[in-house]
Structure formats: structure tokens, C-alpha cells
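A short worksheet on the structure shown next.
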Amino acid sequence: LTGQPMLEQIYAGLTKPLSAEDSKAGFLKRDPRPRLLEPNTADKLMEYFHEQGYTDGNPIILPTEQKVGQMLKATSRKPDEWVGQMRPSPPHEAWYYTVEMVAVNAVMAGAKPEYFPTILAIASKGLTSMFSSTSSFARMVVVNGPVVKEIGMNTSIGALGPNNQANSAIGRCWTLISKNLGGSGKPGETYLGSQGNQLNYNNLCFPETEEGLPAGWNPLHVQKGFKKSDSVVNLFSGWSFNDIAWYSPLPQHEVIRGWLEHFFSFGTTQATLVLDPIVAADVAANGYPTKEAFTKFLAEKTGTPGWLYWSQNARALTQAKEGVEPYAGWLKQGQGAVVPVSRYNRNAPAGRNTAFMASKDNNEPANSINIVVTGGGTNTFWAGGDFGYVGSASVDQWR
């Protein structure tokens, strides 16, 4: 554009004095917001909420003092008690929010008061559902324990679809909390997702079908260190899911392994599988008596496509060309051949390249694959994606 040498311009830009704007330090501040709005007609108030960016673009339930008061009765916590803090991304100031603030958004999302402890548990983790990254992240929440039946969540046919008020309202509320209490979701300022993500509307909110688990398969929250009698929300982060229905004589566990082997999402070191009870039963019957046994098999027996491995492991490629084994042997098979190195195995043997391997978190299994079972048992249907486990929170603590 300028006709000048590029490096000279970069050097000048790095060495010249900062402008007053660029010299500012600290967090990007939140705008002040009143606790109450002046009375107005319902239509004009609804228009105001949309104009201010307080909604997800869909109609809301206006949060009157009466409705918010009814929501607050569903918890023993005080209205002014702090629940957590949230920010769109690290440069932004963390916004603290109270029980009453969360209740306002629960009303707006169309939640019933009995859903409120579950919503508070999600809010307590401080994880925005609209992270300000150009990568257009999405979130997922899996609910476990007695609360699933208590509030009537759908664990059967259509569990992931728009068919149940609890599933829909709780997931939607997470987005409203992120926008209104976490400062997220303003395109170009606090949200930079290039295309955005349709999953942000409901954030893949659904319960696990604990009654549909094969014998020996623990519910997700038990795997994360909770008791089966605990009510828990489990949070995940990722980009997308692929839905797969398979009618083949090939065993389901081999189909899933093959899919994981060739599945690609940038930097993938983790995966979450959502299995219909029929698929879970088939996998269990084929020699995998626990979720852990199945994920261990997947992590150890799933390789990496050659084109992906060699493009991400320059040193290994150099060693292969120098005749160093086992890299040379792998390369001789061609760059399209599968390399026997798993992206999901956190306990890989010494000497294997670890560029893809995630760090091992507390209470996490030896691999980075999670399994959730849900659905109506009407099809050999399963879904897989790059969602990784972020953390869990107790619902019971917010009753």
C-alpha cells in the first residue's frame, strides 16, 4: 500500500512513542447499568432490551420485580450474595454478579423457579458461553443427578433438540448471563467470532440418560468425582459436533475409532462422544464394561492422519528424512498413511511426539475423551465433536 520496505515500517511502528490511546493500561471497563428501569409499556421495554443488546435476538420475558422475586424464592441464597465473575476475554475487566442479577436473566430466558439452582451452578463457574475469539467457540452443559427428574429435563427422544422447556431455558439463560453479566456478545468489541456459532443460542444443554447407561458405565458426574446422588452441571468448550447414524456390520466401537482417527479440528487433542443408549449398549457388549475402558481403547488405538502429523511435527519429519526410526518407517508408508501416534493419549510412551497432547488435569482420566449417553434408543445414532471438559459445579449448593 505504501511502496515502502515492510520491515522498516514494522520497526518504525514498534519504536515510535505510543499514542495516548495506546498508552492506556488496565482492563477494558464495563458500562454502568441501573438496577431498575423506569416504567413503560411492555412493547417499548422489549424494544429497549433489544436495542441495548440485552437479548439473544429473540423475545424475552420482561423481568419485573414480582417475577424476579418468585425466582429468588427457589434458592436459600441471599439476593445480594455474589455468585461469580465473568469476562469476555482476558483483556476485559471481570464483572462480578449477584444472585439477584442471575435471577433477572433466568426470568428473561423463560426459566421456571425450580430451574434456578441449576442456572446458579452454571453461573458460579464464571465461564462465558460467548468467548471473544475469532474462532467462534461454543459451549455445552451436561446435567446429571436427581435434579434432572425433579425439573423435568428431557433425557429421551429429542434430548438435544428444542423440545423441552428446562433443556431450552437453562441453556438459553447461559447466553443471556454471558451477555448481560459477563459483558460478552457485542460484535466487534466483546465478541470477535468471525462467523459466530449457532450453538450459542442454547449451548447444547441436555441431561445424561443415567437409566440408559449399560451396567458398569458410570454417569459423567461420578467420573468427575461426585456421588451418584449429587446433582451436577458439567461444562464443556469446543466448536462443533458431527452427527452420525451407522447401519453397517462393522462394530460400533470400530466405527467410532475410525471416525476419531480422521476427525480434524484445529489442534484437536480432545473429543466428546454423545452416544444413544443403543450404541452404548452395543459398545459395552463388545468388550468395554466401563466408559473408561472404551476411552482407553480409543486413545491407544487411534492414530493420526499422515498429512496432519507431518505438518504439525517438523522435527519428526526431519528425523524421518535422516533415517531415524520409527519416524523413517512411518514416512516410507507415504504422507497419506496413518501414523500410530494418538492425539488423545495423555500417557503416551516415551519417545512419541507430544505436540498434540493436552496437559492432564486433576480428576481427569489418562486420555482426553469424554462420553455422554443420551437419547431415546430409537436409532444407532451418535455424535462426536471437539468439545473438551472444562469443569463441574454442584447444583445442591445453590438450592
Charged N to carboxylate O under 4.0 angstrom, [X] versus [Y]?
{"X": "Lys186", "Y": "Glu189", "result": "yes"}
{"X": "Glu47", "Y": "Lys44", "result": "no"}
{"X": "Glu208", "Y": "Lys228", "result": "no"}
{"X": "Glu210", "Y": "Lys149", "result": "no"}

I'd like to know if the side chain of [X] and the backbone of [Y] have a donor-acceptor N/O pair within less than 3.5 Å.
{"X": "Gln165", "Y": "Gly110", "value": "yes"}
{"X": "Ser342", "Y": "Ala299", "value": "yes"}
{"X": "Arg77", "Y": "Leu72", "value": "no"}
{"X": "Thr209", "Y": "Thr155", "value": "yes"}
{"X": "Asn203", "Y": "Val141", "value": "no"}
{"X": "Lys291", "Y": "Asn218", "value": "yes"}
{"X": "Asn313", "Y": "Arg315", "value": "no"}

Does [X] [atom1] have over 12 foreign heavy atoms under 6.0 Å away?
{"X": "Ile61", "atom1": "CD1", "value": "no"}
{"X": "Leu36", "atom1": "CG", "value": "yes"}
{"X": "Glu65", "atom1": "CD", "value": "no"}
{"X": "Glu38", "atom1": "CD", "value": "no"}

When rounded to the nearest 0.5 angstrom, what is the spacing between [atom1] in [X] and [atom2] in [Y]?
{"X": "Leu275", "Y": "Asp282", "atom1": "CG", "atom2": "CG", "answer": "10.5 Å"}
{"X": "Ile170", "Y": "Thr118", "atom1": "CD1", "atom2": "OG1", "answer": "5.0 Å"}
{"X": "Thr304", "Y": "His262", "atom1": "OG1", "atom2": "NE2", "answer": "10.0 Å"}
{"X": "Thr290", "Y": "Trp217", "atom1": "OG1", "atom2": "CH2", "answer": "8.0 Å"}
{"X": "Lys179", "Y": "Asn200", "atom1": "NZ", "atom2": "CG", "answer": "9.5 Å"}
{"X": "Leu127", "Y": "Phe137", "atom1": "CG", "atom2": "CZ", "answer": "10.5 Å"}

Pair [X], [Y]: side-chain N/O donor-acceptor within cut-off below 3.5 Å:
{"X": "Asn345", "Y": "Glu300", "result": "no"}
{"X": "Gln270", "Y": "Asp386", "result": "no"}
{"X": "Asn154", "Y": "Asn167", "result": "no"}
{"X": "Gln9", "Y": "Thr2", "result": "yes"}
{"X": "Thr190", "Y": "Ser132", "result": "no"}
{"X": "Ser136", "Y": "Asn197", "result": "no"}
{"X": "Ser237", "Y": "Arg139", "result": "yes"}
{"X": "Asn202", "Y": "Ser168", "result": "no"}
{"X": "Glu292", "Y": "Gln223", "result": "yes"}

Taking all atoms of both residues into account, what is the closest heavy-atom pair of [X] and [Y], and its distance?
{"X": "Pro277", "Y": "Gly212", "answer": "CB-O, 3.8 Å"}
{"X": "Pro207", "Y": "Met153", "answer": "CG-CB, 3.8 Å"}
{"X": "Pro214", "Y": "Ala281", "answer": "CG-N, 3.9 Å"}
{"X": "Ala393", "Y": "Ser124", "answer": "CB-OG, 3.8 Å"}
{"X": "Ala74", "Y": "Pro117", "answer": "O-CG, 3.6 Å"}
{"X": "Lys67", "Y": "Leu62", "answer": "CD-O, 3.7 Å"}

Is the shortest side-chain heavy-atom distance between [X] and [Y] below 4.5 Å?
{"X": "Phe206", "Y": "Met140", "result": "yes"}
{"X": "Val232", "Y": "Lys224", "result": "no"}
{"X": "Phe294", "Y": "Ile256", "result": "yes"}
{"X": "Tyr48", "Y": "Tyr54", "result": "yes"}
{"X": "Ile10", "Y": "Leu7", "result": "yes"}
{"X": "Glu100", "Y": "Met71", "result": "no"}
{"X": "Arg172", "Y": "Asn58", "result": "yes"}
{"X": "Arg87", "Y": "Glu93", "result": "no"}

Q | Residues Glu254, Lys301; criterion salt bridge (Lys or Arg N to Asp or Glu O under 4.0 Å); working and verdict | A | CA-CA 10 Å; Glu254 283 293 345; Lys301 301 300 181 181; over 6 Å; no
Q: Please report the C-alpha distance between Leu298 and Tyr344 in whole Å, then the side-chain angles of each, then the deciding distance to 0.1 Å, and finally whether the side-chain contact (heavy atoms from CB on, under 4.5 Å) criterion is met.
A: CA-CA 8 Å; Leu298 293 173; Tyr344 311 99; over 6 Å; no
Q. Would Val372 and Leu273 satisfy side-chain contact (heavy atoms from CB on, under 4.5 Å), going step by step from the backbone distance to the final call?
A. CA-CA 6 Å; Val372 183; Leu273 304 171; over 6 Å; no
(Q) His221 vs Ser231, test: side-chain contact (heavy atoms from CB on, under 4.5 Å). Steps then yes/no. (A) CA-CA 8 Å; His221 68 309; Ser231 293; over 6 Å; no
Q. Under 6.0 Å between ring centres, would you say that holds for Tyr97 and Trp82?
A. no
Q: Please name the residue in the list Leu220, Asp276, Leu213, Val283 that meets the side chain to side chain contact (heavy atoms under 4.5 Å, CB included) test with Val373.
A: Leu213
Do [X] and [Y] share a hydrophobic cluster, counting only Ile, Leu, Val, Met, Phe, Trp and Tyr and linking them when any side-chain heavy atoms are less than 4.5 Å apart?
{"X": "Met46", "Y": "Val104", "answer": "yes"}
{"X": "Tyr327", "Y": "Leu331", "answer": "yes"}
{"X": "Phe116", "Y": "Val83", "answer": "yes"}
{"X": "Tyr115", "Y": "Ile60", "answer": "yes"}
{"X": "Tyr96", "Y": "Met101", "answer": "no"}

Q. So Leu120 and Thr75, side-chain contact (heavy atoms from CB on, under 4.5 Å) or not? Walk me through it.
A. CA-CA 9 Å; Leu120 284 170; Thr75 180; 3.9 Å; yes
Q) Can you tell which of Asn144, Asp230, Asn234 makes a side chain to side chain donor-acceptor pair (under 3.5 Å) with Ser392? A)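 Only one of Asn144, Asp230, Asn234 forms a side chain to side chain donor-acceptor pair (under 3.5 Å) with Ser392, namely Asn234.
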Q. Parallel, tilted or perpendicular: which fits the ring planes of Tyr288 and Phe297, with parallel below 30° and perpendicular above 60°?
A. tilted
